[in-house]
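As the structure lists them, so they are numbered: ligands from 1, and atoms in each ligand from 1. Throughout, numbering of the chain's residues begins at 1 and tracks the sequence.
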Amino acid sequence: MLVSAKKMLRDAKAGHYAVGQFNINNLEWTKAILQTAEEMKSPVILGVSEGAGKYMCGFKTVAAMVDAMVDSLGITVPVALHLDHGTYEGSYKCIEAGFSSIMFDGSHYPIEENIAKTKELVAVCESKGLSLEAEVGAIGGEEDGVIGGGEVADPDECKRIADLGVTMLAAGIGNIHGKYPANWQGLRFDVLEKISKTVGDDMPLVLHGGTGIPADQIKRAISLGVSKINVNTECQLAFAAATRKYIEEGKDLVGKGFDPRKLLAPGVEAIKATVREKIELFGSANKA
Ligand code: 13P
């Protein structure tokens, strides 16, 4: 059964670790992440962008697949199915489709409009027992067509959104979706510290753009109140590299090496290795 992310994030905040959100693209991705979380006894959040939802034939298909897979694989760790960077309309579609957690990304709206729409969604999610993530200060880079300017969040605006009763808050602190450029200055811990103090101890903070952030910065972010870390690109890079290797070595040409179950297996193993490494780093192993 899918669960909201409320309890897992409250526990993570209190226990000074973070729960990973790993974005899914298809059945192989979903299975690899669920099996790794189960193996490591870690709670897990499956992220679905609107683009990935469309690719997988719509949010209803995704919810049905994930729900059935959790059951068929005998997954016992808490699993939340979470909309990633949802629009206002997309948020309602996912609520209807059976997602257990929603991110409404109103960071591109003027702050008053972001507040009004987030407030409305807090009430809807609350009435249905779902968790809600809000965002202040757009994350830089591009994810599935969602382009952010990379603004650093204003702590007072964070406080206003946090006080609406959201479950978790994503705040721009110099993080970027996708690969980090060579001249990246690192996370703005001065801003994170201010946000953390302003919103208070009970608000789990979310770090987007988890791909490529050095381990010491991840640990410092967790120590300053980050309780959820999103990873997408890193699994994609690992999958692509392993698949490339298999084909470049000509393994698809030997025997039945072209069988998709064989062809995709190294990529799946690479996703599992990435997820395993992140769960270790985030400290959520054996917390389920
Ligand atoms: P990366 O693709 O940089 O890992 O970011 C993922 C993310 O933040 C999803 O919202």
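- Taking a cut-off of under 4.0 Å to the non-hydrogen atoms of D84, the atoms of ligand 1 that pass are 9 (C), 10 (O).
- In this view, N25 satisfies the side-chain hydrogen bond (donor to acceptor under 3.5 Å, both in side chains) rule with no residue, not counting sequence neighbours.
- Taking the six-membered ring where tryptophan is involved, the planes of Y88 and Y92 are perpendicular, since the angle between them exceeds 60° and thus also 30°.
- If you check the side chains of H208 and N230, you find a donor sitting under 3.5 Å from an acceptor.
- Within the structure, ligand 1 lacks E234 among the residues with a heavy atom less than 4.0 angstrom away.
- Near T233, meaning under 4.0 Å from any of its heavy atoms, are these atoms of ligand 1: 1 (P), 2 (O), 3 (O), 4 (O).
- Proximity to H85 (heavy-atom distance under 4.0 Å) selects the following atoms of ligand 1: 10 (O).
- Under the 30°/60° scheme for interplanar angles, the aromatic rings of F282 and F22 are found to lie parallel.
- Put simply, part of G209 is less than 4.0 Å from ligand 1, judged by heavy atoms.
- Between K7 and D11, at least one side-chain nitrogen of the basic residue sits less than 4.0 Å from a carboxylate oxygen of the acidic one, meeting the salt-bridge criterion.
- Contact atoms of ligand 1 toward V231: 4 (O) (distance under 4.0 Å to a heavy atom of the residue).
- Every atom of ligand 1 with a heavy atom of T211 under 4.0 Å away is listed here by number and element: 1 (P), 2 (O), 3 (O), 4 (O).
- Considering backbone and side-chain N/O of N23, none are found under 3.5 Å from N/O of ligand 1.
- Residue G178 has at least one N or O atom closer than 3.5 Å to an N or O atom of ligand 1.
- Counting atoms of ligand 1 from 1 in the listed order, those under 4.0 Å from a heavy atom of H177 are 3 (O), 5 (O), 6 (C), 7 (C), 8 (O), 9 (C), 10 (O).
- Side-chain contact of N23 with Q21: a donor-acceptor pair under 3.5 Å is present, judged by distance alone.
- Y246 belongs to a hydrophobic cluster whose remaining members, ordered by chain and number, are I247, L263; membership requires side-chain heavy atoms of ILVMFWY residues under 4.5 Å apart, directly or through intermediates.
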